Amino acid sequence: MQNSAVTARAHTNIALIKYWGKKDQQLILPMNGSLSLTLDKFYTDTSVEYLPNLNADVFYLNGTEVADPKITRFMDIVRQKTRSSNYALIKSTNHVPTAAGLASSASAYAALALAATAAAGQNFSLTELSRLARRGSGSATRSIFGGFAEWLPGTDDQSSYAQPLDFQTDWDLRMIAIVVDALPKKVSSRHGMQTVVETSPFYPAWIKSATQDLAAIKQAMQNNDFQRFGEIAESNALRMHALNLSAVPHFNYFEPQSLIAMQAVENLRAAGISCYYTMDAGPNVKVICKNKDLDVILDKLHHYFPSDHLLVAAAGPNVKLL
Ligand code: ADP
Ligand code: DP6
Ligand code: CO
């Protein structure tokens with residue numbers, strides 16, 4: 001075992017076909033497959049150092065010590081997999097708002113998976129890291145990979161992991177994050193999706209339609225059909241939010257400005273500009289477009305949102321050691 005800090009960087013990812021429900025809460029196995037784009041603009045840096053004198057893991061987030069049982073649970077899995085016993089000093093910095101629907105849990109556990117295994121002297125493959133990151137947060141399974149990543153739902157720990165798509169598009173995609181509210185959400189992704197699984201009468205229909213959406217969006221990409229790609233992503237996101245509205249108790253992640261953003265995108269489309277939105281477990285809307293249309297879309301969005309709330313991202317890289 002090494003006795004020095006190891007730092008890893010992982011980028012967030014935004015799902016175009018969403019993961020929203022677990023069939024196994026312990027192992028974090030999803031009800032359906034999902035597909036995401038890893039983003040260059042938003043990431044987490046995490047350092048891990050195993051120290052023989054610690055009697056518990058110590059975790060700092062953005063410079064403040066935080067007690068988070070999810071970290072201890074995850075590090076216990078790492079210790080089991082790496083056959084090590086020391087506790088760790090973990091320091092993490094989010095270059096993304098935390099718990100705001102911009103996927104901090106995805107970059108967080110992807111970075112921690114790499115840093116924690118490398119600091120234990122082990123060289124996990126990307127697939128092994130993807131399986132491990134999944135145990136911290138489902139969406140993290142996809143943040144191991146850059147570009148488009150598909151999470152294969154699997155049926156057990158071994159078969160549930162992400163992989164990069166084996167084809168590319170030439171769209172030079174951009175994602176504009178419209179930051180409506182960067183504060184932590186009231187309903188965590190973990191709690192929200194479980195409420196939906198247990199109470200929404202629409203849940204069986206979601207599994208069916210999300211599975212169809214995943215196959216259809218990959219086909220649209222292979223057909224170079226950006227319009228169909230965007231339509232499927234937008235519809236899939238709205239169906240996820242429809243689950244939340246139909247849960248008991250019902251909840252939602254919309255704020256007035258979220259609806260303004262969605263309407264602005266629809267108006268742009270009516271004016272002949274090809275762009276689509278998606279939204280996660282938080283009020284911030286993400287606009288999907290081609291780089292060639294970026295300026296005209298930003299011009300329009302500037303009518304409603306200040307420029308420092310319009311963050312432009314492109315495809316980001318694999319997880320890496322710094
Ligand atoms: P998000 O939309 O940001 O992914 P979630 O509700 O899925 O929001 O997850 C937020 C949780 O992820 C936080 O409460 C915290 O437990 C965890 N998290 C966020 N950033 C980090 C980090 N850098 N290191 C470890 N855990 C983190
Ligand atoms: C709406 O991965 O954050 O962003 O697995 O419970 O940690 P846990 O949840 P998380 O859920 C992400 C939900 C989503 C859609 C997605 O990323 O696929
Ligand atoms: Co999350």
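Every number for a ligand or one of its atoms is a count from 1 in the order of the listing. Note that this is a predicted model, so its numbers are computed, not measured.
Counting the atoms of ligand 2 from 1 in the order shown, those under 4.0 Å from a heavy atom of Trp20 are 1 (C), 13 (C). Heavy-atom proximity to Lys22, at under 4.0 Å, picks out these atoms of ligand 2: 5 (O), 6 (O), 8 (P). Every atom of ligand 2 is numbered from 1 in the order shown, and the set under 4.0 Å from a heavy atom of Ser139 is 2 (O), 3 (O), 10 (P), 17 (O). Atoms of ligand 2 lying under 4.0 Å from at least one heavy atom of Gly138, given by number and element, are 2 (O), 5 (O), 7 (O), 8 (P). The Ala15 neighbourhood of ligand 2 comprises atoms 16 (C), 17 (O), 18 (O), with distances under 4.0 Å to a heavy atom of that residue. Under a 4.0 Å criterion applied to the non-hydrogen atoms of Asp280, ligand 2 contributes the atoms 1 (C), 4 (O), 14 (C), 15 (C).
Between the OG atom of Ser200 and the NE2 atom of His250 there is a distance of 12.5 Å, given to the nearest 0.5 Å. Interatomic distance, Asn13 CG to Thr38 OG1, rounded to the nearest 0.5 Å: 5.0 Å. Atoms CZ and OG, from Phe229 and Ser274 in turn, are 10.5 Å apart once rounded to the nearest 0.5 Å.
Residue contacts with ligand 2: Ala281 is placed with no nitrogen or oxygen under 3.5 Å of a nitrogen or oxygen of the ligand (distance criterion only). Considering backbone and side-chain N/O of Arg190, one or more are found under 3.5 Å from N/O of ligand 2.
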- Message: For a salt bridge (charged side-chain N to carboxylate O under 4.0 Å, His left out) check, start with the C-alpha distance between Arg131 and Asp157, then their side-chain angles and the critical distance, and finish with the verdict.
- Response: CA-CA 7 Å; Arg131 283 192 197 101; Asp157 181 46; 5.9 Å; no

- Message: Please evaluate residues Ser107 and Thr12 with respect to the criterion side chain to side chain donor-acceptor pair (under 3.5 Å), reporting the C-alpha separation (whole Å), side-chain torsions for both, the decisive distance (0.1 Å), and the verdict.
- Response: CA-CA 5 Å; Ser107 51; Thr12 65; 5.6 Å; no

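Ring-centre distance between His241 and Phe254: below the 6.0 Å cut-off. Aromatic rings from Trp151 and Tyr19 are positioned such that their centres are separated by under 6.0 Å. Between Tyr109 and Phe74, the ring centre distance stays below 6.0 Å.
Atom 7 (O) of ligand 2 has as its closest protein heavy atom Ser137 OG, 2.7 Å. Here the heavy atom of the protein found nearest to atom 17 (O) of ligand 2 is Arg142 NH2, 2.7 Å. The closest protein non-hydrogen atom to atom 13 (C) of ligand 2 is Tyr19 O, 3.5 Å.
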Need the list: ligand 1 N/O atoms against protein N/O atoms, distance under 3.5 Å, rounded to one decimal.
| from | atom 1 | to | atom 2 | distance (Å) |
| --- | --- | --- | --- | --- |
| ligand 1 | 2 (O) | Gly101 | N | 3.0 |
| ligand 1 | 2 (O) | Lys185 | NZ | 2.8 |
| ligand 1 | 3 (O) | Ala99 | N | 3.0 |
| ligand 1 | 3 (O) | Ser104 | N | 3.0 |
| ligand 1 | 3 (O) | Ser104 | OG | 2.6 |
| ligand 1 | 4 (O) | Ser104 | N | 3.3 |
| ligand 1 | 4 (O) | Ser105 | N | 3.0 |
| ligand 1 | 4 (O) | Ser105 | OG | 3.0 |
| ligand 1 | 6 (O) | Lys185 | NZ | 3.4 |
| ligand 1 | 6 (O) | Ser189 | N | 3.3 |
| ligand 1 | 7 (O) | Ser105 | OG | 3.1 |
| ligand 1 | 7 (O) | Ser189 | OG | 3.3 |
| ligand 1 | 8 (O) | Lys185 | NZ | 3.0 |
| ligand 1 | 16 (O) | Asp68 | OD2 | 2.7 |
| ligand 1 | 16 (O) | Lys70 | NZ | 3.0 |
| ligand 1 | 20 (N) | Asn94 | ND2 | 3.0 |
| ligand 1 | 23 (N) | Ser92 | OG | 2.8 |
| ligand 1 | 23 (N) | Asn94 | OD1 | 2.9 |

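The cluster map of Ile, Leu, Val, Met, Phe, Trp and Tyr, joined by side-chain heavy atoms under 4.5 Å apart, puts Val265 and Ile260 in the same cluster.
Around the Co ion (ligand 3), protein N, O or S atoms at less than 2.8 Å number 1.
Remark: Asn55 CG is loosely packed, at most 12 non-hydrogen atoms of other residues, nucleotides or ligands lying under 6.0 Å away. The 12-atom threshold is exceeded at CD of Glu198, counting heavy atoms of other residues, nucleotides or ligands nearer than 6.0 Å. More than 12 heavy atoms of other residues, nucleotides or ligands lie within 6.0 Å of NE2 in His302, so this atom counts as buried by the packing criterion. Heavy-atom neighbours of Asn123 CG from other residues, nucleotides or ligands within 6.0 Å: at or below the threshold of 12.
Nearest to atom 3 (O) of ligand 2 by heavy-atom distance, out of Ser34, Ser105, Ala99, Ala103, is Ser105.
Judged by the shortest distance from any of its heavy atoms, Met240 lies inside the 4.0 Å radius around the atoms of ligand 2. Contact annotation: Met193 has at least one heavy atom less than 4.0 Å from an atom of ligand 2.
Under the side chain to side chain donor-acceptor pair (under 3.5 Å) rule, Trp20 has a single partner from Asp280, Asn32, Asn244, which is Asn244.
Annotation: ring-ring contact (aromatic ring centres under 6.0 Å, His included) contacts of Tyr60 (sequence neighbours excluded): none. Under the salt bridge (Lys or Arg N to Asp or Glu O under 4.0 Å) criterion, Asp57 pairs with Arg79, not counting sequence neighbours.
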